[in-house]
Amino acid sequence: MPMKEQSLKVAVIGAGVSGLHTARELKTQGHAVTIFEKTKKLGGTWAYDPRVEPDPLGLDPGREIVHSSLYQSLRVNLPRRLMGFLDYPFTERKDPREFPGHEEMLLYLEDFAKDFGLVELVRFEHEVVRVERVDEVSHEWVVESRTRRSESKEEEVEEEVFEAVVVCNGHHTEPRIAHFPGMDSWPGVQIHSHNYRTPEPFQNLIVVVIGNGSSAVDILTEISSVAKEVHQALRASDIHFKKLESHNNIWQHSMVECTKEDGKVVFQDGSFVYADVIMHCTGYKYHVPFLRTNGIVSVDDNRVGPLYKHVFPPQLAPWLSFVGLPYRGVTTLIIELQSRWVARVLSGKVALPSEEEMASSVEELYQHMEESGWPKRHTHQLQNKFDYEDWLITQILDLPPLEEWREQMYFSALKKIISIDDDDFRDTWDIDKWMQEIA
């Protein structure tokens with residue numbers, strides 16, 4: 001799909017990590033950029049919000065949505081030297097730790113936006129409610145946004161036409177919960193980790209935490225400092241009931257089998273506990289309610305598709321794209337490489353394969369997943385080391401290969417992230433020494 005070099009009017013949806021870096025790359029390539037941000041500040045999920053939603057499980061579609069899922073004590077779980085952009089290192093602002101708190105990451109993003117002149121591109125408090133092609137044959141898109149000024153209760157609706165749209169709205173806001181028999185009649189409190197902020201509400205309670213991701217480990221460890229008991233439910237088939245030696249009030253079980261009206265939580269290994277709270281640390285759903293493509297792009301069991309290389313819908317490329325969908329990798333690096341690719345494709349400097357070739361590539365991925373038993377909901381989970389990142393670099397053309405230490409450091413960190421120990425690896429891992437050892 002060769003194109004001559006051009007400058008386009010581009011809408012970027014979201015002013016988090018994805019939106020900011022995408023805007024920087026688009027601006028660098030000479031495009032006219034507008035960033036739509038529904039909140040008052042940039043940073044996306046890194047803008048901590050102490051508020052929680054009125055529906056603790058996040059099931060009510062009419063609830064007031066709080067975008068950020070950060071809890072107050074959250075620290076990054078990758079070294080800062082990995083999390084910075086390739087040409088804009090994540091150097092110290094106020095928190096000198098190698099694994100700083102979320103406040104440090106927000107300061108980094110704010111500095112990035114200021115240094116590259118991005119703040120003036122953001123339309124704050126503009127929530128995008130519709131993205132739709134002008135007509136079925138047009139490459140132009142209508143972006144409809146709703147403005148809710150904090151000082152006024154009145155809403156304003158605006159429409160504007162753009163030549164391209166990049167969706168950067170994140171995927172840590174719409175909770176994905178576990179389902180098991182009896183959950184609707186269970187008398188205790190159920191909450192998704194999206195609405196967890198501090199441990200104090202769990203004082204002297206018996207809490208069941210479902211999940212084994214980095215947030216689950218952080219939260220259950222933090223809650224254990226105030227709770228009477230904490231019981232972790234894991235999906236892994238080799239997990240059996242046991243008390244953790246490193247903690248006097250944490251037990252591990254297999255997955256929840258069912259819950260009873262008397263407060264009992266029964267696990268698949270036969271163990272049970274009478275609990276006060278069930279905490280769902282079970283991830284999130286991709287959610288693009290504003291996108292109207294007549295079924296060309298859809299979200300099915302957490303698969304956004306069809307998308308060529310997680311970015312371009314073959315039938316609508318390159319005029320519609322997504323940045324920031326993949327996970328299980330260095331998110332900031334993936335975002336940086338994707339946004340560089342998108343900006344160069346839109347400028348005409350890099351060509352995409354034909355629509356047919358892109359569609360065939362997507363179908364090959366889906367078929368491979370089905371044959372290997374890989375669930376559809378994990379479509380955007382990266383699997384093979386840094387293969388995807390390395391492939392993106394081949395498309396960008398003007399970047400050298402990634403240094404080997406980045407991949408080694410990421411997978412070393414990944415092994416440590418889900419370990420429940422008295423000593424947090426973020427405080428005990430000597431990164432400088434580690435770098436010397438692999439040199």
Side-chain angles (χ1 to χ4, degrees), residues 52-66 69 71 172-224 226-244 247 249-287 299-302 373 375-378 418 420:
V52 296
E53 297 175 355
D55 175 6
L57 278 180
L59 298 178
D60 180 4
R63 72 193 187 280
E64 180 183 0
I65 295 175
V66 176
S69 295
Y71 36 97
H172 292 98
T173 296
E174 193 70 15
R176 184 183 181 94
I177 66 171
H179 293 276
F180 40 82
M183 66 179 296
D184 292 338
S185 56
W186 188 70
V189 174
Q190 295 190 62
I191 179 175
H192 190 276
S193 57
H194 173 66
N195 289 306
Y196 173 81
R197 296 294 182 269
T198 61
E200 285 75 19
F202 304 92
Q203 184 82 38
N204 296 322
L205 299 181
I206 297 176
V207 182
V208 173
V209 174
I210 302 175
N212 193 37
S214 55
S215 292
V217 173
D218 269 358
I219 290 171
L220 74 88
T221 303
E222 184 169 75
I223 287 177
S224 71
V226 300
K228 183 178 180 181
E229 298 176 8
V230 180
H231 297 261
Q232 184 185 22
L234 303 166
R235 194 177 297 277
S237 58
D238 59 343
I239 294 294
H240 299 285
F241 175 57
K242 66 177 181 179
K243 183 176 182 180
L244 296 187
H247 294 79
N249 65 339
I250 298 180
W251 287 260
Q252 285 186 334
H253 306 254
S254 58
M255 190 56 185
V256 173
E257 175 74 24
C258 64
T259 52
K260 304 291 186 180
E261 292 185 12
D262 61 358
K264 181 187 289 186
V265 179
V266 182
F267 302 94
Q268 292 175 354
D269 56 21
S271 60
F272 65 89
V273 64
Y274 288 91
D276 302 297
V277 179
I278 296 177
M279 172 82 70
H280 295 248
C281 298
T282 43
Y284 296 87
K285 300 176 184 177
Y286 294 98
H287 195 53
V299 182
D300 179 18
D301 193 16
N302 240 24
K376 181 186 291 187
R377 67 180 183 275
H378 294 322
I418 60 174
I420 304 174

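Computed from a predicted model, the values in this text were never measured in an experiment.
Remark: Tyr286 pairs with His171, His380 by the ring-ring contact (aromatic ring centres under 6.0 Å, His included) rule, at least two apart or across chains. In terms of the side chain to side chain contact (heavy atoms under 4.5 Å, CB included) criterion, residue partners of Pro56 (sequence neighbours excluded) are, by chain and number, Ile191. Considering only residues two or more places apart in sequence or on other chains, Glu64 meets the salt bridge (charged side-chain N to carboxylate O under 4.0 Å, His left out) condition with Arg51. Residues meeting the side-chain hydrogen bond (donor to acceptor under 3.5 Å, both in side chains) test with Tyr284, sequence neighbours left out: Ser69. Every residue meeting the side chain to side chain contact (heavy atoms under 4.5 Å, CB included) condition with Asp60, not counting sequence neighbours, appears here in chain and number order: Asp55, Arg63. Among residues two or more places apart in sequence or in another chain, the side chain to side chain contact (heavy atoms under 4.5 Å, CB included) test is passed with Asp184 by none. The ring-ring contact (aromatic ring centres under 6.0 Å, His included) test applied to His378 returns Trp374, not counting sequence neighbours. The side chain to side chain contact (heavy atoms under 4.5 Å, CB included) search around Lys242 returns Leu244, Gln252, not counting sequence neighbours. The salt bridge (charged side-chain N to carboxylate O under 4.0 Å, His left out) search around Lys264 returns none, not counting sequence neighbours. Partners of Asp269 by salt bridge (charged side-chain N to carboxylate O under 4.0 Å, His left out), not counting sequence neighbours: none found.
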Q: Could you go through the side-chain hydrogen bond (donor to acceptor under 3.5 Å, both in side chains) check for His253 and Ser271 one step at a time?
A: CA-CA 7 Å; His253 306 254; Ser271 60; 2.7 Å; yes
Q: Test Lys243 against Trp251 for side-chain contact (heavy atoms from CB on, under 4.5 Å), laying out the working first.
A: CA-CA 4 Å; Lys243 183 176 182 180; Trp251 287 260; 3.5 Å; yes
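Lys285 NZ to Ile177 CD1: the interatomic distance, rounded to the nearest 0.5 Å, is 7.0 Å. Of the inter-residue distances, the one linking Ile210 atom CD1 with Met255 atom CE reads 4.5 Å to the nearest 0.5 angstrom. Put simply, CG on Asp262 and CH2 on Trp186 are 11.0 Å apart, with the number rounded to the nearest 0.5 Å.
Between Asn249 and Lys228, the closest heavy-atom pair is CB-O, 3.6 Å. Heavy atoms only, all atoms of each residue included: Val230 and Ser224 are closest at CG2-CA, 3.7 Å. Nearest approach of Ala216 to Cys281, heavy atoms of both residues: CB-CB, 3.6 Å. Nearest heavy-atom pair across Ala233 and Phe267 is CB-CE2, 3.9 Å. Minimum heavy-atom separation, Val226 to Pro199: CG2-O, 3.3 Å.
The side-chain hydrogen bond (donor to acceptor under 3.5 Å, both in side chains) test with His280 singles out one residue from His179, His192, Gln190, and that residue is Gln190. Put simply, the residue from Val207, Thr198, Leu205, Ile250 that forms a side-chain contact (heavy atoms from CB on, under 4.5 Å) with Ile223 is Val207. When each of Leu57, Thr259, Val256 is paired with Ile278, the side-chain contact (heavy atoms from CB on, under 4.5 Å) condition holds for Thr259 and for no other.
Side-chain contact check for Tyr71 versus Ser193: every heavy-atom pair is 4.5 Å or farther apart. Under the 4.5 Å side-chain criterion, counting only non-hydrogen atoms from C-beta, Thr173 is not in contact with His287. By the 4.5 Å heavy-atom criterion applied to side chains, Lys376 and Asn302 are not counted as neighbours.
The ring pair (Phe, Tyr, Trp, His ring centres under 6.0 Å) analysis of residues 198-218, with sequence neighbours excluded, yields the pairs Tyr196-Phe202. Each side-chain hydrogen bond (donor to acceptor under 3.5 Å, both in side chains) pair with one or both residues in residues 202-212, not counting sequence neighbours, appears once here: Asn212-Gln232.
Looking at His194, its side chain does come within 3.5 Å of a backbone N or O of Val66 through a donor-acceptor pair. Of the possible polar contacts, none joining the Ser185 side chain to the Glu261 backbone as a donor-acceptor pair under 3.5 Å is found.
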